[in-house]
There are 2 protein chains.
Amino acid sequence: MNTNNAAVSHSKNSTAARRKPRQARAQKRHDQILDITAELLDSVGIDGITTISIAKELNISVGSLYHYYPNKVAILCALASRWLNEMTRTISAVDENIAEHSDIASYVKVYTHKIIAMYKRQRGILPLVQAMYAIPEVRQLDEQHDLLMLARLANAFKHFGCKANKTELERIARIYHETTYICSMAIVDQQGRKASRSEADLNQMLNALLANYF
Amino acid sequence: MNTNNAAVSHSKNSTAARRKPRQARAQKRHDQILDITAELLDSVGIDGITTISIAKELNISVGSLYHYYPNKVAILCALASRWLNEMTRTISAVDENIAEHSDIASYVKVYTHKIIAMYKRQRGILPLVQAMYAIPEVRQLDEQHDLLMLARLANAFKHFGCKANKTELERIARIYHETTYICSMAIVDQQGRKASRSEADLNQMLNALLANYF
DNA sequence: ACCTGAACACCGTTCAAGT
DNA sequence: ACCTGAACACCGTTCAAGT
């Protein structure tokens, strides 16, 4: 009794969707399942969700539900993945327009602003994502997503003439990313009041972090 | 089906320990239960823990276990509480010696260092705390703990002559606290390599945050 | 008085039987 | 072929019966 195996007999083999969505109809069902799951997550919380309740809401049987996803974790994973992809897409836009910025400070400002705006828009689902964070598979997804963002950041820093080597670049990007993430969450939490001031404070911290390396 | 009730019939009335530990023997049992739970958390993960496994490890029956704690969540809560208190105690020491510091920068440096050292010492249990974070009661405990730390920080800032009003003080303390927390986690994660440099970067960010208010 | 563990209520997952 | 939902395996919690 010493290795980290969940030791449950329930099948958790794959967390991927079961049938490839060749037909538009099947894809629609997959999406519907995620929509319903998101709604239930909101109304009954992550502990209140049951596979039967999801199936019932869709007017299909549990067995049918298991045609689309191999298990409950897979459904939650797919939902998390959809959210993460949405975020990535939003932020990618900043990077694609990197030519717009003449210096790093300008980039930092827009980057911060976009992230906060996005978190604000998704205010309702943030606690849900947080609740799902307990699921190891979701955590892994999030880490992959982070790696992508870190690579982007490191690239942008180099583009603006950062004088750090590769290892250092990775390290700074990590601190930059984590700081932006946690402060954006805090800013979104504090319901509008003085949020612009907080955003300025975050920018100041980020610029101070980068100052030594430019 | 719209309010956020867990809707389970399991009794979750109180999360406090059941019998007041009047006798030293009962207190010892309470501690033993938490010790065993921490061990199991480490070996089988939070999803692998069962009340029966805890009882078995203690050589008592499940029924007996329920004499000491009203339910499984209460046990995990008590464990989290023990950890949080340990942390609070460690950090309180910095505040009690506030007179040692002539300026805010000196305070920031020691504060950062103590926090990182503490996280390093608890490296093993940090992922466990993170896993427990999914439990709403644990989250609440953590928030209470945070409020305490924030009050401390705001006080210290004022002591060193911070020119911010009460609302602003709270806001800055929050950003300070969150940034320290997330960066310390990141620093501890990166296994020693270049950690001292990261610590310097964190300090620089914190000082930049405070600069406008002193 | 105190402890035990079978029994009950749930929920995730499967698969034999229906269409 | 596809869907159904009773059945099975688990786990948290209780409480009648034992000491």
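Please read these numbers as outputs of a predicted model, since none were measured by experiment. Every chain is numbered from 1, with letters handed out A, B, ... down the list of sequences.
As rounded to whole Å, 14 Å separates atom P of C/dT14 from atom NZ of A/Lys72. Look at CD1 on B/Ile46: it is 15 Å from C1' on D/dG12, rounded to the nearest Å. Residue B/Asn71 contributes atom CG, which lies 9 Å from atom C1' of D/dT13 at whole-angstrom precision. A straight line from CG of B/Leu40 to C1' of D/dC11 spans 15 Å, rounded to a whole angstrom. Rounding to whole angstrom units, CG of residue B/Leu65 and P of C/dT4 are separated by 11 Å. Atom OH in B/Tyr68 sits about 18 Å away from atom C1' in D/dT13, given to the nearest Å. Atom CG of A/Asp47 is separated from atom P of C/dC10 by 16 Å (rounded to the nearest Å). If you measure from atom OH of A/Tyr69 to atom C1' of C/dT13, you get 18 Å, rounded to the nearest angstrom.
Listed candidates were C/dT4, D/dT4, C/dA6. Nearest to the side chain of B/Ser64 is C/dT4. Side chain of A/Thr50, nearest nucleotide from D/dG12, C/dC3, C/dG12: C/dG12. Closest to the side chain of B/Tyr66, from the set D/dT14, C/dT13, C/dC3, is D/dT14. The B/Ile60 side chain lies nearest to C/dT4 when the options are C/dT4, C/dG5, C/dT13.
Place B/Gly63 and A/Ile52 on DNA chain C by their nearest nucleotides, and B/Gly63 ends up nearer the 5' end.
DNA chain C contains the following stems of three or more consecutive Watson-Crick or G-U pairs, with both distances under 3.5 Å: C:4-8 with D:12-16, C:12-16 with D:4-8.
Looking only at distances, a side-chain donor or acceptor of A/Thr88 sits under 3.5 Å from a matching main-chain atom of A/Leu84. Looking only at distances, no side-chain donor or acceptor of B/Ser53 sits under 3.5 Å from a matching main-chain atom of B/Ile49.
Within 6.0 Å of NE2 in A/His113 there are 12 or fewer heavy atoms belonging to other residues, nucleotides or ligands.
With sequence neighbours excluded, the residues that form a ring pair (Phe, Tyr, Trp, His ring centres under 6.0 Å) with A/Phe157 are A/Tyr176.
Contact check on A/Asp189 versus B/Arg174 returns no salt bridge, with no Lys/Arg side-chain nitrogen under 4.0 Å from an Asp/Glu carboxylate oxygen.
Residue B/Ser61 places no side-chain N or O under 4.0 Å from the OP1 or OP2 atom of C/dC3.
Side chains of B/Glu199 and B/Asn203: a donor-acceptor N/O pair is absent below 3.5 angstrom, by distance only.
B/Thr51 comes within 4.0 angstrom of a base, heavy atoms only. Contact annotation for A/Ile49: backbone-only contact, meaning every heavy-atom pair under 4.0 Å involves sugar-phosphate atoms and none involves a base.
Closest approach of B/Thr51 to B/Leu65, counting heavy atoms only: O-CD2, 3.5 Å.
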